[in-house]
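Here's the structure we're looking at; comments come further down.
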Amino acid sequence: MAEEVAQEQPRPTAPRPVRCIVKLGGAAITNKGELESINEENLRSACAQLRHAMSESDGDGATEKVLGMDWSRKPGDPADPAVDAEWIAGMAGLGLDTNFIVVHGAGSFGHFQASRSGVHKGGLHSTLVKAGFVATRISVTSLNQEIVRALAREGIPSVGMSPFACGWSTQQRKVLHGDAVLDELLDCTILSGDVIIRHLAQLLSPRYVVFLTDVHGVYDRPPTDPNAVLLKEIEVDDNGGWSIVKPALLQGNTKGVEISVAAHDTTGGMETKILEAAVIARLGIDVYITKAGTEHSLRALKGDVSTDSEDWLGTIIRSSK
């Protein structure tokens with residue numbers, strides 16, 4: 001009888017492969033020069049483009065009515081949220097490929113607190129570091145909540161997951177974010193969202209990875225320099241060495257890329273992004289780095305980019321194989 005019951009049990013469905021891991025850069029979704037200030041326009045645009053990219057329809061991804069999932073009320077809202085439960089109950093499904101993972105940076109949230117208190121250097125025996133650890137977590141989790149709300153308003157079902165609460169830790173250094181975490185040797189440190197993406201890519205093997213930033217991609221020098229050149233394609237070999245494929249004037253160059261990191265950025269800025277993207281590319285997963293809120297970011301989110309895309313502004317980092 002036990003065998004018969006066991007046979008009647010439905011077999012668990014195999015999990016669908018992850019389509020895309022997206023990094024919402026802190027510099028793109030916040031105003032990095034202003035303490036705890038969200039760039040509302042960029043965040044709204046990024047979430048709308050995510051919904052578009054997730055759309056399973058053959059059209060443009062836009063629906064007549066967005067299924068708003070934020071049923072809470074923020075302080076200052078003029079009225080209670082309108083919930084059309086009857087309309088939602090009549091829906092057969094969302095019409096979205098929700099097999100995306102979103103990781104976001106902290107931007108103007110958390111970095112100032114961590115830098116001022118030295119959380120990234122460790123040492124929880126220090127009262128200042130303890131206080132900074134608390135302040136950093138309060139800051140980054142408040143940003144995480146706002147991003148989950150923004151996704152919910154676009155009808156994207158998402159749940160925020162803090163690395164610290166999930167048990168992530170380091171050893172000397174479904175919406176995840178950069179966070180203050182415990183460290184086996186340092187007591188505590190800051191875990192970058194870019195590092196999280198690399199680990200998730202190794203575990204989940206997404207089809208492609210997208211970094212949305214405040215600039216069009218990786219440049220040969222700080223993009224504020226009027227002579228800066230956008231690197232369109234970078235190849236990474238089996239040993240982790242990389243070379244520029246496009247543009248032709250820099251072809252084969254393995255040096256000459258200057259890194260610009262804000263003084264308060266405790267996670268390494270673009271430098272960390274490039275290094276982690278190179279590790280992902282070695283796995284055979286293409287990485288697209290482009291500017292949030294543009295037609296180029298929408299194409300990247302949809303995976304509609306190739307090495308022959310001359311009209312696409314961004315950087316493709318891929319394996320040389």
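What you see below is based on every heavy atom in this structure, not just the backbone, and it leaves out hydrogens, waters and symmetry mates.
- The backbone N or O of W312 sits less than 3.5 Å from a side-chain atom of K232, completing a donor-acceptor pair.
- When every heavy atom of E235 is checked against every heavy atom of V245, the shortest pair comes out as CG-CG2, 3.3 Å.
- With hydrogens and angles ignored, the 3.5 Å screen pairs a side-chain donor or acceptor of K130 with a backbone N or O of L124.
- No side-chain donor-acceptor contact under 3.5 Å links S158 to the backbone of L151.
- Judged by distance alone, with hydrogens and angles left aside, the side-chain atoms of R282 form a donor-acceptor pair with the main-chain N or O of D238 at under 3.5 Å.
- Although no hydrogens or angles enter the test, the distance criterion places no donor-acceptor pair under 3.5 Å between the side chain of S139 and the main chain of A135.
- In this structure, S108 contributes its side chain and I38 its backbone to no donor-acceptor pair below 3.5 Å.
- Cluster annotation: L298 and V215 are assigned to distinct hydrophobic clusters (Ile/Leu/Val/Met/Phe/Trp/Tyr, side-chain heavy-atom contacts under 4.5 Å, transitive).
- Taking 4.5 Å as the limit, every side-chain heavy atom of Q113 sits out of range of all side-chain heavy atoms of F133.
- Partners of D70 by salt bridge (charged side-chain N to carboxylate O under 4.0 Å, His left out), not counting sequence neighbours, listed by chain and number: R149, R153.
- Using a distance-only test at 3.5 Å, with no hydrogens or angles considered, no donor-acceptor pair links the side chain of Y288 to the main chain of L212.
- Under the side chain to side chain contact (heavy atoms under 4.5 Å, CB included) criterion, A278 pairs with V236, not counting sequence neighbours.
- Under the rule for a side chain to side chain donor-acceptor pair (under 3.5 Å), N227 has no partner lying at least two apart in sequence or in another chain.
- Taking the salt bridge (charged side-chain N to carboxylate O under 4.0 Å, His left out) definition, one finds that R198 meets it with E276, sequence neighbours left out.
- Partners of S319 by side chain to side chain contact (heavy atoms under 4.5 Å, CB included), not counting sequence neighbours, listed by chain and number: K321.
- Here the side chain of Q145 pairs no donor or acceptor atom with the backbone of S142 at under 3.5 angstrom.
- Contact annotation: the side chain of T30 never approaches that of H111 to less than 4.5 Å [non-hydrogen atoms, C-beta and beyond].
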(message) Please evaluate residues S309 and S306 with respect to the criterion side chain to side chain donor-acceptor pair (under 3.5 Å), reporting the C-alpha separation (whole Å), side-chain torsions for both, the decisive distance (0.1 Å), and the verdict.
(response) CA-CA 5 Å; S309 302; S306 74; 3.3 Å; yes
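- Remark: S117 engages V119, L128 in a side chain to side chain contact (heavy atoms under 4.5 Å, CB included) (not counting sequence neighbours).
- Of the listed residues (K302, Q49, K291), just one forms a side chain to side chain donor-acceptor pair (under 3.5 Å) with S297, and that residue is Q49.
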